[in-house]
Amino acid sequence: MTNPPKFEAAFPFQEDVLALPVVDLDATSSWYAQAFGMAEVERKEQPHPTVVLARDDVKIGFAINGRDASQDGAAIRVSNIQGIKSELEAKGVEIGNWRVDERDGRRFQVFFVVAPDGLCYCFNEPI
């Protein structure tokens, strides 16, 4: 029996996985709910308008903070990466660069998704 596809952890490419830069919180919340199966868990106005979404105990936040989305994103560690990939493809999400990477002597199955907001995600699972 395979494990159900699950988000296990998220790590930012730049500064803060709870403040990834976007320009429209409503569009962001809607896209990530549909595409990544996330649910909105928090919204706040200070210090920047921010929305936080979650899936499986993993939270990712998006903020209107003036930073460049095309230079940011997150690595999302998952279990059952093939299941996550199939799930995203079924929702029309474009998957890129399905491959095996090696870091610090460990091997990872990875793929990438660039969201409509320009943020890049590296989905990965240790092999």
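Worth knowing before you read on, the calculation uses all heavy atoms, side chains too, and leaves out hydrogens, waters and symmetry mates. Not measured: the values here are computed from a predicted model.
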For this session: Might you work through the salt bridge (Lys or Arg N to Asp or Glu O under 4.0 Å) test for R106 and D101, ending with a clear yes or no?
Result: CA-CA 8 Å; R106 293 181 69 197; D101 280 359; over 6 Å; no

Problem set entry | Test log, rule side chain to side chain contact (heavy atoms under 4.5 Å, CB included), inputs I60 and L53 | CA-CA 5 Å; I60 300 177; L53 289 96; 5.7 Å; no

Problem set entry | Worked verdict on F36 versus F7 for side chain to side chain contact (heavy atoms under 4.5 Å, CB included) | CA-CA 10 Å; F36 285 10; F7 284 24; 4.3 Å; yes

For this session: Give the intermediate values and the outcome of side chain to side chain contact (heavy atoms under 4.5 Å, CB included) for residues Y32 and D117.
Result: CA-CA 10 Å; Y32 286 91; D117 50 34; 2.9 Å; yes

Exercise. Should E40 and K59 be marked as a salt bridge (Lys or Arg N to Asp or Glu O under 4.0 Å) after you check the CA-CA gap, both sets of side-chain angles, and the distance that decides it?
Worked result: CA-CA 9 Å; E40 188 172 318; K59 291 182 180 178; over 6 Å; no

For this session: Please assess T50 against K44 for the test side chain to side chain contact (heavy atoms under 4.5 Å, CB included), listing each intermediate value before the final yes or no.
Result: CA-CA 5 Å; T50 302; K44 58 187 179 189; 4.0 Å; yes

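Put simply, the side chain of N124 does not reach to within 4.5 Å of the side chain of I76, judged on heavy atoms. No side-chain heavy atom of V22 sits under 4.5 Å from any side-chain heavy atom of W31. Between Q34 and S30 there is no side-chain heavy-atom pair separated by less than 4.5 Å. Put simply, the side chain of F111 does not reach to within 4.5 Å of the side chain of N97, judged on heavy atoms. Side-chain contact between P5 and R55 is present, with at least one heavy-atom pair separated by less than 4.5 Å. Side-chain contact between L25 and R43: present, with at least one pair of heavy atoms (C-beta onward) separated by less than 4.5 Å. I64 is not listed as a side-chain neighbour of V23, based on a closest heavy-atom distance of 4.5 Å or more.
Linking Ile, Leu, Val, Met, Phe, Trp and Tyr whenever their side-chain heavy atoms come within less than 4.5 Å leaves F112 and V93 in two separate clusters. Linking ILVMFWY side-chain heavy atoms closer than 4.5 Å, directly or via other members, places F62 and V114 in two distinct hydrophobic clusters.
Closest approach of P21 and N65 over heavy atoms only: CB-OD1, 3.3 Å. A75 and F13 make their closest contact through N-CE2, 3.5 Å (heavy atoms, listed as atom of the first residue, atom of the second, distance). Across every non-hydrogen atom of H48 and A63, the tightest pair is CB-CB, 4.4 Å.
Between R67 and D16 there is no salt bridge, since no side-chain N of the basic residue sits under 4.0 Å from a carboxylate O of the acidic one. Using a 4.0 Å cut-off between a side-chain N of Lys or Arg and a carboxylate O of Asp or Glu, K85 and E89 qualify as a salt bridge.
Seen from the ring of F108, R103 counts as a face-on cation partner, given the 6.0 Å and 45° thresholds.
Other residues, nucleotides and ligands contribute only 12 or fewer heavy atoms inside 6.0 Å of the CD atom of E94.
Test Q109, R77, R107 against P126 for side chain to side chain contact (heavy atoms under 4.5 Å, CB included) and you get one pass: R77. Under the side chain to side chain contact (heavy atoms under 4.5 Å, CB included) test applied with F123, the options V113, V110, I95 reduce to a single match, V113.
If you take CH2 on W98 and CD1 on I81, they are separated by 5.0 Å, rounding to the nearest 0.5 Å.
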